[in-house]
Amino acid sequence: MAVKIKTKYGLIDISNNVIATVVGASATANYGIVGMASKNALRDGVYDILNRENYKRGVVVRSKENEIVVDVYIIVGYGLKISEVSRNVQSSVKYNLQQQLGIHTKAVNVIVHGVKILDE
Amino acid sequence: MAVTEVNSDQFRAMVRVANHRMSKNADFVNSLNVFPVPDGDTGTNMSLTIESGAQAVGSNNSTKIGDLTKSFSKGMLMGARGNSGVISSQLFRGFYKATEKYEVLTAQQLADAFQNGVNAAYKAVMKPVEGTILTVAREGAQAGENRASETDDAVEIMKAVVEGAKKALASTPDLLPVLKQVGVVDSGGQGLLFIYEGFLEGLSGEKSSDSYQPDSVEMDEMVNAAHHQSVQGQLATADIKNGYCTEIMVDLQADVPDKQPFDLDKFREHLSNLGDSLLAVSDGEVAKVHVHTEHPGAVFNYGAQFGQLGKIKIDDMRIQHESIIDKDQSDEKPVDFAVIAVCSGNGIRKLFTSLGVNRIISGGQTMNPSTQDIIDAIKKSGAKRAILLPNNGNIVMAAKQAAEVSSIPVGIVPSKTISQGMTAMLSFNPDATVEENVTNMTDELSSVKSGEVTKAIRDSEINGVSIKKNDYLGIIDGDISIDRSDLVDAAAAMVDEMLDEDSEIITVMYGRDTNKRTAKKVVKKLQAEHDDLEFEIHDGGQPVYYFLISVE
């Protein structure tokens, strides 16, 4: 499934891959996110070596009739207010999808998959 | 006075002044907020974050500096709000980690603590964005470290940190393109600078001006950001109450008749009553004002008392706003059978939407939408069939015309008031035909009595009621029936007239010119006499009418 936008010139089809990339990029730009958790450890292990900027990792996009729901799996640094970091992720993901792709997001679910202790 | 060791009392003072300074200037910081999400809350968030830290320090009686920085860090962590709040909390977590063992802080230790804060802050982010609070913190700490090799005076270190942060802040637009586009410095960075300036003031004991006074260049930045925030759809769901973006410059040195002495605080206070998004600065020679108001003329008149008006600018923001709303609505998926209602007021829009209305046309008493507006709304709904609720006697005509020229079947339910429109909506059935719906919904109109409370604009006599200017009028189903000098009296007396033995539910929607408290007073007054009735209060947010009351 993908999101389709009709204009007077024709159809714009935005694949879920693109959406996932935008979500990943805007989530990881948030302060407090030290990593994205993998949905698939083995495959992403290989990705890690091949392609460090794999923003799609840890993002699940579900779209239905031009409404999308995204799940974002994040790892947060220890010593931060996790609820607030998650809220920031939700707000920036929603904003960036609207800004960059013109997509209305029905829900941004943040799954805090892990906490990483930062050496201090 | 040199301070070679920062003790716990001094640290307390630093935190206290920083908190004070941040909260005083939160609005200014809010006004700069364009990144990462332009929602205008950076200042509020940072202020709440540091306040939580300051409270934790205040309730810790220890004289050991490490204990206080721990409380500060913990308080900020607990109270962290927004991106910049989270970053600040991490900065001071690093600050605390570097100082936890110390009783007092030397100049070098203070500089190291700032540096450690920055190190810690950079660890918790995958892709640090330059041109933000992080840049400002880093450059500030760097300047502090550099100075530490030359002096053992903590005040000098703090001064260097402030100067470094200030320089870095000025460079943020060069590092972050969105800031340059909009023409502002980073809001979080500005907030951090206020905190650092507060530290310096608390440490040195030198009192600087309480509230920061933006200069003319920063004023432009604030104006830019204010518009960027609203353009980005942050205001899109709210009705614009103040429709004209008004800017004036007043030459305070020019002579005008009856010239009044200029006082910026009073000036600002007066203008703040005329509108919102107020920005006003003055260098003593020229005052510059930006305000969103419904009455640009009043702003001009007021400004002209203090000097010659130069450079006047008015923009109609409703035009911009409508295009934003239309854009938002076009994102919705088209429905087969649309219900389109005319109304105004944020709360009433919401009530209608929650009842199942698909599209709202802004309008009502004193601002009737044109036939074209209604045709456009029908087209944009993308529906195959539609029902129109004009909700005002004066709009029924335009609605009928629109229905005639529309390419899809459109039924008109001649609702004359908001209350009627809402009641009619209850019997809408998307599976029935247009005609069936019109019949059923029109039948419902008579089951509700509508009352409206507004203010008389001149002396008059109608229906045997003598009306005095500025009295409150109760209008029952279109007829003026009540005239009282007190708003609550007028509303209660009007409801009294509307009641009969079948009345069960009273719904009160209060408008934007009154408030919930007043609405509650009305309900209390009525409840005292009628204990068998049910009351509901809603925030209607409508203009013109103080109360819209329906009796069913």
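- The part of B/M78 that comes within reach of chain A is its backbone (N, CA, C, O), which places non-hydrogen atoms under 4.5 angstrom from that chain.
- Heavy-atom neighbours of B/Y102 OH from other residues, nucleotides or ligands within 6.0 Å: at or below the threshold of 12.
- Atoms CG and CG, from B/L77 and A/L80 in turn, are 7.5 Å apart once rounded to the nearest 0.5 Å.
- For the pair A/N88 and B/V86, the minimum side-chain heavy-atom distance is below 4.5 Å.
- Atom NZ of B/K350 has 12 or fewer heavy atoms from other residues, nucleotides or ligands within 6.0 Å.
- In this structure, the separation between OH on A/Y78 and NZ on B/K123 is 15.0 Å, given to the nearest 0.5 Å.
- Of the listed residues (B/A121, B/S84, B/P128), the one with the most heavy-atom contacts under 4.5 Å to chain A is B/A121.
- Neither the backbone nor the side chain of B/A98 comes within contact range of chain A; no heavy atoms are under 4.5 Å apart.
- No donor-acceptor pair closer than 3.5 Å links the side chain of A/Y31 to the backbone N or O of B/Q90.
- Between the side chain of A/E84 and the backbone N or O of B/R81, no donor-acceptor pair lies under 3.5 Å.
- Interface summary for chain A: among B/N83, B/V129, B/V125, the most heavy-atom pairs under 4.5 angstrom belong to B/N83.
- Applying the side chain to side chain donor-acceptor pair (under 3.5 Å) rule to pairs touching residues 68-77 of chain B yields B/N60-B/S71, B/T69-B/T99, sequence neighbours excluded.
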